[in-house]
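This one's a predicted model, so the numbers in the text were calculated from it and none came from an experiment.
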Amino acid sequence: MKEYGKRHLLEFIWVGISAILFSALWVGISLVLQYAIDNAIAGRVDKAVYLSTGFIAVFAVVYWLQASSLVKLNQKVIRELRENIVRKLLYKDAMSFYQYKETDYISLVQNDVKKIEDTYLNTFFSIICALAQLIFAIIVMTHYSWVFTIVMAGMTALMFVVPAVFSKKLSKSTEAVSKAQQLLTEGISEVVLGYEVTKSFQKEKYRIERFQTCNNLMQRSARKLELLKQANGGTSTVLAFFMQMVICILAGWFIYQGRLSYGSMVGVIQASGSITTPLFQMFALIPVLKSFKPIWDKIAEYTRCEVTTKDNKNLEVEWREITLKDVEFAYQNEEKKVLRDINLKIERGKKYLIIGESGGGKTTLINILCGKLLPDKGELMVDGINVIDNSQILQQLSSAVWQNVYLFNESIADNILMGDCKRENFDEIISQASLDEMIDEKGIEFVVGTNGDQLSGGQKQRIAIARALYAEKDLLVLDEGFSALNPEMSQTIERNLLKQKDKTIISISHHVSNEMMALYDEILEVKNGKVCKI
């Protein structure tokens with residue numbers, strides 16, 4: 001929170017000042033009560049009424065300023081916190097990203113940030129308010145000296161009366177927030193579940209912009225609801241104070257008639273309550289504030305990364321070969337090496353077919369070639385230069401169709417273009433991916449649903465192939481890229497890809513006919529963590 005405190009220092013100061021001012025007015029009620037009763041006793045009821053009415057108006061204005069400024073600051077900080085987390089998640093490297101489960105990230109942004117939104121700043125400024133109230137109350141008590149018993153009863157129940165005018169508005173705003181939360185959850189899911197696709201095409205900025213749309217909607221909806229809640233609570237508070245003032249004025253009038261005495265006791269009781277209440281509040285709130293430390297630590301741990309502000313345009317790299325030399329790799333917390341003593345050369349323009357048993361390390365191998373994973377040992381080179389410390393080069397060179405295709409809840413066009421508006425060679429790519437018939441039927445602006453749930457597996461896979469082709473990368477990687485297609489369509493698309501002479505293709509497949517195998521330049525078998533040519 002220190003980061004956001006520095007970023008919005010003036011707003012934090014203003015909310016703090018308004019909280020202190022509100023505390024001063026709250027304690028000042030005792031003085032107003034004293035003055036009002038004294039005037040009523042002296043027969044100057046009109047002055048008592050004018051003073052009370054004026055004070056109530058000032059009290060209501062200050063309360064609203066304090067409450068609304070806190071709501072606005074809280075929503076602004078939470079919006080920036082969510083966006084900061086999402087930005088850091090998308091810029092994490094694959095190795096650190098997969099240290100935690102996808103659901104862990106979703107829970108972090110939804111549940112943990114929600115706890116901060118609901119409680120943290122309210123608690124922080126409540127402590128400031130309680131401390132200021134305690135100081136002001138002690139000062140006022142020295143003015144009164146000692147006072148004794150009086151009982152105020154009867155009207156306190158009015159504190160809980162909710163004006164009917166807020167009922168429907170609160171209901172509608174709650175419904176709007178619920179819908180906004182659904183969209184926000186969907187947006188967060190797109191970020192986390194679509195991380196692989198976003199990283200493969202270096203579309204972090206595009207994905208952040210899409211997330212900001214639903215995040216801003218959430219901010220506006222939540223702000224409206226919270227402002228209504230504060231107005232509702234403020235009305236009840238002002239009403240309760242007004243009733244208390246009426247009782248005090250009436251009591252003063254009765255004293256004037258000789259039926260009561262020591263009207264100043266009312267003020268003393270009010271001041272004494274302003275001492276005990278903030279003490280109890282601070283005892284309760286300080287531990288609550290401290291309890292947020294694990295959440296802040298969790299956010300820092302989950303989002304630890306080096307955020308780059310570089311534009312994600314394709315790097316101009318004229319490469320001839322990618323080489324793996326004596327490469328070894330094991331996943332975190334696993335002793336068994338997935339890959340051992342890998343020596344492999346990928347030449348530009350050639351077509352490679354990788355075969356082997358499931359779990360043999362095929363996907364791990366192409367993840368290293370794409371720069372998603374870094375070897376534990378050995379060298380990863382582009383034209384003889386070790387790029388382990390700059391794996392972004394490999395990410396920029398390659399586009400991929402992964403075994404588990406992810407589509408965003410956007411149109412077919414948006415899933416292919418990923419924020420690019422140029423649409424160069426778009427029709428040709430649609431044809432190469434055999435999407436013509438589907439687009440004629442559904443339309444290019446058809447929204448595919450969450451993770452493409454409005455499409456078949458084969459349709460999703462063809463869109464993923466079109467997306468990879470549209471990226472126009474030198475290296476095309478297919479991890480079971482045709483597995484969801486029928487044999488005829490699979491061979492048609494595969495032939496189209498293999499005919500592209502300037503495209504380097506690395507394809508993993510379990511089911512390839514001898515006829516299709518013959519179209520590849522090299523066939524590599526991954527077995528027991530090693531690679532051999534067939």
Looking at every non-hydrogen atom in both residues, tell me the closest pair between L475 and L369 and how far apart they are.
CD2-O, 4.4 Å
Rounded to the nearest 0.5 Å, how far does CZ of F201 lie from CE of M418?
6.5 Å
Can you name the side-chain contact (heavy atoms from CB on, under 4.5 Å) partners of D341, sequence neighbours left out?
E328, K530
Name all residues meeting the side-chain hydrogen bond (donor to acceptor under 3.5 Å, both in side chains) criterion together with N404; count only those two or more places apart in sequence or in a different chain, and write none if there are none.
none
Could you tell me which residues satisfy side-chain hydrogen bond (donor to acceptor under 3.5 Å, both in side chains) with N216, sequence neighbours excluded, listed by chain and number?
none
List the residues meeting ring-ring contact (aromatic ring centres under 6.0 Å, His included) with Y470, not counting sequence neighbours, and say none if there are none.
none
Nearest non-hydrogen partners of K88 and T303, listed with the distance
CD-O, 3.5 Å
Taking C-beta and beyond as the side chain, do M516 and L498 meet within less than 4.5 Å on heavy atoms?
yes
N74 versus F125: any side-chain heavy-atom pair under 4.5 Å?
no
For W402, what residues pass the side-chain contact (heavy atoms from CB on, under 4.5 Å) criterion, not counting sequence neighbours?
E196, S200, I366, N367, C370, K372, A400, D479
Below 3.5 Å, can you tabulate the donor-acceptor pairs from side chains in residues 426-433 to any protein atom, sequence neighbours excluded?
unit_1 : atom_1 : unit_2 : atom_2 : d
E428   : OE2    : Q432   : NE2    : 3.2
Q432   : OE1    : Q500   : NE2    : 3.2

With sequence neighbours excluded, what pairs up with F211 under the ring-ring contact (aromatic ring centres under 6.0 Å, His included) test?
none
Give the minimum heavy-atom separation between S434 and T492, together with the two atoms involved.
OG-CG2, 4.4 Å
One thing to verify: whether E480 and K362 come together as a salt bridge, which I'm taking to mean a side-chain N less than 4.0 angstrom from a carboxylate O.
no
For residues F482 and I465, determine if any side-chain heavy atom of one lies less than 4.5 Å from a side-chain heavy atom of the other.
yes
Charged N-O contact under 4.0 Å between E204 and R87:
no
Within the 4.5 Å heavy-atom criterion, are K527 and C532 side-chain neighbours or not?
no
Tell me, which pairs form a salt bridge (charged side-chain N to carboxylate O under 4.0 Å, His left out) where one or both residues lie in residues 67-81, sequence neighbours left out?
R7-E80, E11-K76, R79-E83
Please examine the side chains of I78 and M218, heavy atoms only from C-beta on, and report whether any two atoms are closer than 4.5 Å.
no
Applying side-chain hydrogen bond (donor to acceptor under 3.5 Å, both in side chains), can you list everything that pairs with N451, at least two apart in sequence or on another chain?
none
With Q75 as partner, the option from R223, E117, K224 fulfilling side chain to side chain donor-acceptor pair (under 3.5 Å) is E117
Keeping T119 on the side-chain end and I116 on the backbone end, is there a donor-acceptor pair under 3.5 Å?
no
CG of D453: more than 12 outside heavy atoms within 6.0 angstrom?
yes
Within-4.5 Å side-chain heavy-atom neighbours: F12 and L121:
yes
Quick one: sort the Y302 and Y100 rings into parallel, tilted or perpendicular, breaks at 30° and 60°.
parallel
With no hydrogens and no angle check, is any side-chain donor or acceptor of K351 less than 3.5 Å from a backbone partner on G349?
yes
Has Q202 got a side-chain atom pairing as donor or acceptor with Q395's backbone, closer than 3.5 angstrom?
yes
Do R348 side-chain atoms and W319 backbone N/O form a donor-acceptor pair below 3.5 Å?
yes
Between F97 and Y105, what is the ring plane arrangement, given parallel below 30°, perpendicular above 60°, and tilted in between?
parallel
Provide the full list of salt bridge (charged side-chain N to carboxylate O under 4.0 Å, His left out) pairs with a residue in residues 391-410, sequence neighbours left out, each pair given once.
R207-E410, R210-E410
What residues, two or more places apart in sequence or in another chain, satisfy side-chain hydrogen bond (donor to acceptor under 3.5 Å, both in side chains) together with T364?
Y331
Which atom names give the shortest non-hydrogen contact between E445 and A413, and what distance separates them?
OE2-CB, 4.0 Å
Could you check whether any side-chain N or O of K199 sits under 3.5 Å from a backbone N or O of L90, counting only pairs where one atom can act as donor and the other as acceptor?
yes
Could you check whether any side-chain heavy atom of Y352 comes within less than 4.5 Å of a side-chain heavy atom of E347, counting everything from C-beta outward?
yes
Does a side chain donor of either D414 or S411 reach within less than 3.5 Å of an acceptor in the other side chain?
yes
Does any N or O in the side chain of Y195 come within less than 3.5 Å of the main-chain N or O of K92, such that one atom is a donor and the other an acceptor?
yes
Above 12 or not: heavy atoms from other molecules or residues under 6.0 Å from NZ of K325?
no
Heavy atoms only: give me the nearest V327-E379 pair and the separation to one decimal.
CG2-O, 3.5 Å
How would you list all residue pairs meeting ring-ring contact (aromatic ring centres under 6.0 Å, His included) that involve residues 494-522, not counting sequence neighbours?
none
Any sub-3.5 Å donor-acceptor pair from D383's side-chain atoms to E321's backbone N or O?
yes
Between L435 and A466, which heavy-atom pair has the shortest distance, and what is it?
CD1-CB, 3.7 Å
